[in-house]
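In this chain, residues are counted from 1 in sequence order. What you see below is based on every heavy atom in this structure, not just the backbone, and it leaves out hydrogens, waters and symmetry mates. Whatever order the structure lists them in is the order used to number ligands and atoms, beginning at 1.
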Amino acid sequence: MRLLLTGGSVFCGGGFHPLEIAVSEGRIVSVSPRLPRDGASVVELNHGLVVPGFVDVHVHLREPGFSYKETVASGTAAAAAGGYTALCAMPNLNPVPDGLPHLRAELDAIERDAAVHVYPYGAVTRGEKGESLSDMAALAPYVPGFSDDGRGVQSAAMMRRAMALAKKLDRPIVAHCEDESLLTPGWCVHDGAFARRHGLPGNDPASEWRQVERDIRLVRETGCRYHVCHISTKESVALIRAAKAEGLPVTCETGPHYLCLCDEDLEDDGRFRMNPPIRSTADRDALVEGLLDGTVDCIATDHAPHAAEEKAKGLRGSLNGVVGLECAFPVLYTELVKTGKVPLEVILNALCVNPRKIFRLPGGQIAEGQPADLTVLDLDHAGIVDPAGFRSLGRATPFAGRRVDAAVSMTLVDGAIVFPEGVEPSPHGVIGIVRGCDRPKGGTP
Ligand code: DOR
C-alpha cells in the first residue's frame, strides 16, 4: 500500500518545509511539494510537523526476567505512542545478555513482540557483576554497544580491558557512571538543600563525575568510543565538554527530568526517585547549557518501569527508576522550547539525529530511499500528563499532572502506522489526523 502524507511541515535540511511524502514498501519513495495521488491512501496531517522517528538510546524493556514491570510489547507500544521508532535496550535483565545464548532470549522476545525497532545492548561484564568481561566478541555483531547500566564498572582495570576490546570490535562503551565508594548508604535524593531540609541521605554528585573523569582518562589511553549515560551533574558536563574539545571520541545523554526539574521540585513520592537523582538548579542549568552548545548529544529517557507497589514507598523506600517514553517530547517542548530556553531544532537533533549518528543506526533523514520511520507532532495541543493512559506498565513519572502544550499525533515504523493503533490505510482512502493523539478517522474510501 502506498501512503501519501500531506498537509504537514517536514523537518529536513535543518528546517521545516511544506512537503508531501510518499511511502511504499517501508521506504520513503519521494518528497516533494506536490505528489501524484494515484491510488495512494492519503494521510492528512493538518499542519502537523513531520520529523524522523525519535530514537531513545536508554530504555529498560525488562524482558526477559522482569515482565511484571514491563514487556517488549508494552514498552514498545509506549515508545510508539511517544513518537519513538527505535530504542536501544539496556541489559539489566535475567538472564543478562552477556553471551549469545542469553542475548538470544532477548532477541526472541524482540522479534516476536516489538512494535518499533529495538537494538539490545550487550553487557560489559558477566552478569553485570564487574568481575569478568562478557563474551563481547560474540555479541558485537548483534549489539549497538556495551553497557552495564544500573551499575558502574568499579574496577579501572576491568574498564580498561573492556574499552580496549570494544575499540577492536568498533563498538562504544555506554557507561553508567557511579563510584560506589562515594555513595552514602540508603541515599534517596541528591545531596543538596532538599536532602538537608528533610533529613534524607543524599547522593554525592562526585559519585557520578569521578567515574566520568576516570573513564575519560581510559578513553585517552585506549581510543575507545565512549558514551556516558544519563549525566546529571555540572561537573560531568564540564568534563565531557573538555574531552570533546580535546578531540576524544566521547558523547553523552541526559534525561528530560534532569533538564526540566531540580531538587526543589521533589515530593515524597516514588515517582521522584531514580538513579542518578534529580539534582540542583545549577546542575539543571549546566545540562541545558550543555545541550545548547553540543556537549550533551542525546536526550534519552532512561525509561525504567517498576510495578506500582515497588514505587509506592515514597522517596526512601521506592525502587530507582521512572518511566519517560510517553511524555518526553510534550514535556521537553513545553518546558524548554515554549519557554524560549532551547530551540526546537536542538531538541530534534538530540532525539532523532545524534542518537543515530553515535550508534550508527539507519534512518534519520526524510529523503528518498530512507526507511519510512516518521513521527508527526502537534505543537498546538494542550493536555495533561496522565499516567493512567500510558501503554507502559510503569506509571511513575515526576511529570504526572503537568500541563503540556504538544502531542505526538502519529508514528510510522517501516511505513506502517504503529500509533495510533488500529488505523488501517485503504486504497484511495483518507486518514485524517485530528489533533494530538486523538484517534484519526481511518481508511474512509
Ligand atoms: O533509576 C534507574 N533505574 N537508574 C538506573 O540506572 C537503572 C534503572 C533501572 O533499571 O530500574
Out of all atoms in ligand 1, which are within 4.0 Å of some heavy atom of Ala304? Include the element for each. 3 (N), 8 (C), 9 (C), 11 (O)

Distance under 4.0 Å to a non-hydrogen atom of Gly150: what atoms of ligand 1 satisfy this? 6 (O), 7 (C)

Sidechain N-carboxylate O distance under 4.0 Å for Asp293, Lys244: no

Can you tell which part of Val322 has a heavy atom less than 4.0 Å from ligand 1: side chain, backbone, both or neither? neither

Ring centres under 6.0 Å, that's the criterion: do His198 and Phe194 meet it? yes

His230 neighbourhood, listing ligand 1 atoms whose heavy-atom distance to it stays under 4.0 Å: 6 (O)

Heavy-atom pairs closer than 4.0 Å: do any link ligand 1 to the side chain of Leu319, the backbone, both, or neither? neither

Asp302 heavy atoms, cut-off 4.0 Å: which ligand 1 atoms fall inside? 4 (N)

Answer yes or no for Arg151: is there a heavy-atom contact with ligand 1 below 4.0 Å? no

Among all protein non-hydrogen atoms, which one is nearest to atom 6 (O) of ligand 1, and what is the separation to 0.1 Å? His176 CE1, 3.1 Å

Atom 10 (O) of ligand 1 - nearest protein heavy atom and its distance: Asn92 ND2, 2.7 Å

Using non-hydrogen atoms of the residue, decide whether Glu178 is closer than 4.0 angstrom to ligand 1. no

Please check if any side-chain donor atom of Ser392 sits under 3.5 Å from a side-chain acceptor atom of Glu70, or the reverse. yes

Output yes when a side-chain donor or acceptor of Arg395 lies under 3.5 Å from a complementary backbone atom of Pro387, and no otherwise. yes

When the aromatic ring centroids of Phe359 and His227 are compared, is their separation below 6.0 Å? yes

Between Met274 and ligand 1, which residue portion shows a heavy-atom distance shorter than 4.0 Å: side chain, backbone, both, or neither? both

Gly321 N/O to ligand 1 N/O under 3.5 Å: yes

Lys234 and Glu289 ion-paired at < 4.0 Å: no

Angle between ring planes, Tyr84 versus Phe54, binned at 30° and 60°: parallel, tilted or perpendicular? perpendicular

Please lay out, stage by stage, how His303 and Asp56 fare under the test side-chain hydrogen bond (donor to acceptor under 3.5 Å, both in side chains). CA-CA 9 Å; His303 179 86; Asp56 193 334; over 6 Å; no

The protein heavy atom nearest to atom 4 (N) of ligand 1 is Asn275 O, 2.8 Å

Are the charged groups of Arg225 and Asp170 less than 4.0 angstrom apart, N to O? yes

So, 4.0 Å and heavy atoms of Arg62: is ligand 1 close enough to count as a contact? yes

Under-4.0 Å salt bridge between Glu111 and Arg104: yes

Around atom 3 (N) of ligand 1, find the nearest protein heavy atom and jot down its residue, atom name and distance. Asn320 O, 3.2 Å

Between His306 and ligand 1, find which residue part has any heavy-atom pair under 4.0 Å and reply side chain, backbone, both or neither. side chain

